[in-house]
Amino acid sequence: MTTDTLPTLPAGVPVLDIDPFADEVLRDPYAYHARLREAGPVAWIPKYGIYATGRHEQVRQVLNDHENYISSAGVGLANFNKEPPFRPKSLILEADPPNHTRARTVLSRILSPRTVNQIRETFTQEADALFDQLLAASERGEAIDGIKQIAEVYPLKVFPDAVGLEPQGRENLLVYGDMIFNAFGPRNELLARAAEKVQPVTAWIMAHCQRAMLRPGGFGDQIYQAADAGEISQEEAPMLVRSFLSAGVDTTVNGIGNALWCLAQNPEAYARLHADPSLARQAFEESLRLESAVQTFFRTTARTVALAGFDIPADAKVLAVLAAANRDERQWSRPDRYDIDRRPTGHMALGSGIHGCVGQVVARLEGELVLAALAKRFARIELVGEPTRRLNNTLRALGTLPLRLIPA
Ligand code: 4IA
């Protein structure tokens with residue numbers, strides 16, 4: 001029968017006896033994703049007392065129903081109705097309308113398509129400068145690490161520059177991101193190890209959310225301008241800068257790293273991209289679908305809600321496996337294939353609905369420019385060693401990607 005601690009399991013919901021956050025599952029999640037989709041439109045995971053969904057239709061439904069599936073109780077495993085958040089809640093991610101709407105309005109104006117027109121030239125020059133340098137190294141016959149030397153350096157340069165951060169100390173952003181994305185999962189070893197490193201880093205992050213640390217005119221300063229205009233309060237401004245620093249780096253680092261990995265494993269796709277670098281945007285988009293940097297997100301039910309005919313009780317945690325939806329055979333033909341001629345519209349890698357990635361125009365710009373700069377200079381890219389993984393409760397992340405870039 002029911003207990004006080006475990007949520008009630010509604011009759012008929014298939015049970016999936018697996019730990020989605022175990023090392024071996026995180027290392028190779030796709031067999032688990034297939035089991036989750038096969039189990040049914042929604043499944044119960046006893047280890048954590050949560051529901052999980054991995055089919056495209058239901059993931060989409062959950063993410064597009066923000067009244068029944070709320071974010072203010074946290075978008076990780078922790079239920080903020082029952083335990084305090086590990087850091088003050090994000091004003092945009094961990095919020096529902098109407099509070100969410102105010103924050104979202106400010107951030108979406110700062111990260112608008114108009115902004116992209118303004119930053120595009122600088123972002124392009126930075127990509128060209130990086131790949132000119134990599135071309136010189138390749139001509140000397142040097143192998144490179146695609147993670148350290150491409151996927152990390154580029155976003156760590158262009159995005160904090162645009163936010164208006166000083167150059168020193170940016171490596172803190174990666175440590176902070178690693179912790180935040182682990183903290184959406186359970187309190188396992190991964191989180192414990194990330195949390196060890198984080199105290200001085202959190203202090204650094206919060207200090208750099210202050211207006212005096214932000215270049216006038218940058219994205220960060222524009223948040224303070226919105227506070228000056230009365231759209232948000234002065235206390236909310238540093239918290240929204242924190243959202244830039246939380247969500248804007250690790251995501252694009254791993255998005256770009258995973259795209260490089262897709263291309264390194266698929267020489268025919270790379271050859272097509274090299275022949276026509278205008279495919280860069282599509283190639284990046286398809287890698288978002290196939291190797292989604294943000295693999296999962298939780299929602300919390302606001303009331304009893306019917307999902308695919310099953311009643312999910314109020315205040316239950318529902319795991320939306322974005323990466324499983326992105327390989328659902330009900331939605332995609334040959335879902336496990338990296339096909340840069342596919343138009344993967346409707347993938348869930350950037351979320352969907354009112355919480356869909358607010359920085360997506362900037363994220364896509366970075367991905368496109370990196371792949372285009374690469375494709376223009378190099379005829380082939382070759383894996384010259386086993387890539388290693390950096391396990392994280394939420395992110396699909398490589399630690400190293402040994403590559404040889406062969407000049408055109
Ligand atoms: C925030 C989902 C992920 C990209 C994300 C992480 C942190 C925040 C927003 C989004 O701190 O607001």
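When a ligand or atom number is given, it counts from 1 through the structure's own listing order. Counting begins at 1 with the first residue of the sequence.
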Inset, instruction - Consider every N or O of S90 and every N or O of ligand 1, then say whether any pair is closer than 3.5 Å. - result: yes

Legend entry - Backbone or side-chain N or O of R87 under 3.5 Å from ligand 1 N or O: yes

Inset, instruction - Check if T251 has a non-hydrogen atom at a distance under 4.0 Å from any atom of ligand 1. - result: yes

Legend entry - Pairing of R299 and D65 as salt bridge, 4.0 angstrom limit: no

Inset, instruction - Select one of side chain, backbone, both or neither to describe which atoms of S243 lie under 4.0 Å from any atom of ligand 1, heavy atoms only. - result: both

Legend entry - Residue pair N326 / S292, side-chain donor-acceptor N/O under 3.5 Å: yes

Legend entry - Parallel, tilted or perpendicular, as decided by the 30° and 60° cut-offs, for the rings of F298 and F21: parallel

Inset, instruction - Distance to 0.1 Å, residue and atom name: give those for the protein heavy atom nearest to atom 10 (C) of ligand 1. - result: A247 CB, 3.4 Å

Inset, instruction - Tell me which protein heavy atom sits closest to atom 2 (C) of ligand 1, plus the residue, atom name and distance to 0.1 Å. - result: F297 CZ, 3.0 Å

Legend entry - Ion pair K89/E94, N-O distance below 4.0 Å: no

Legend entry - Residues E166 and H208: side-chain donor-acceptor under 3.5 angstrom: yes

Inset, instruction - Indicate whether the side chain of S246 and that of R87 have a donor and an acceptor atom separated by less than 3.5 Å. - result: yes

Inset, instruction - Pull out every atom of ligand 1 sitting under 4.0 Å from any heavy atom of I92, numbered as shown with elements. - result: 12 (O)

Inset, instruction - Give a yes/no verdict on whether any heavy atom in I180 is under 4.0 Å from an atom of ligand 1. - result: no

Inset, instruction - Compute whether any side-chain donor of one residue and acceptor of the other, for S71 and D96, lie under 3.5 angstrom apart. - result: no

Inset, instruction - May I ask you to list the atoms of ligand 1 that are less than 4.0 angstrom from any heavy atom of F181? - result: 3 (C), 4 (C)

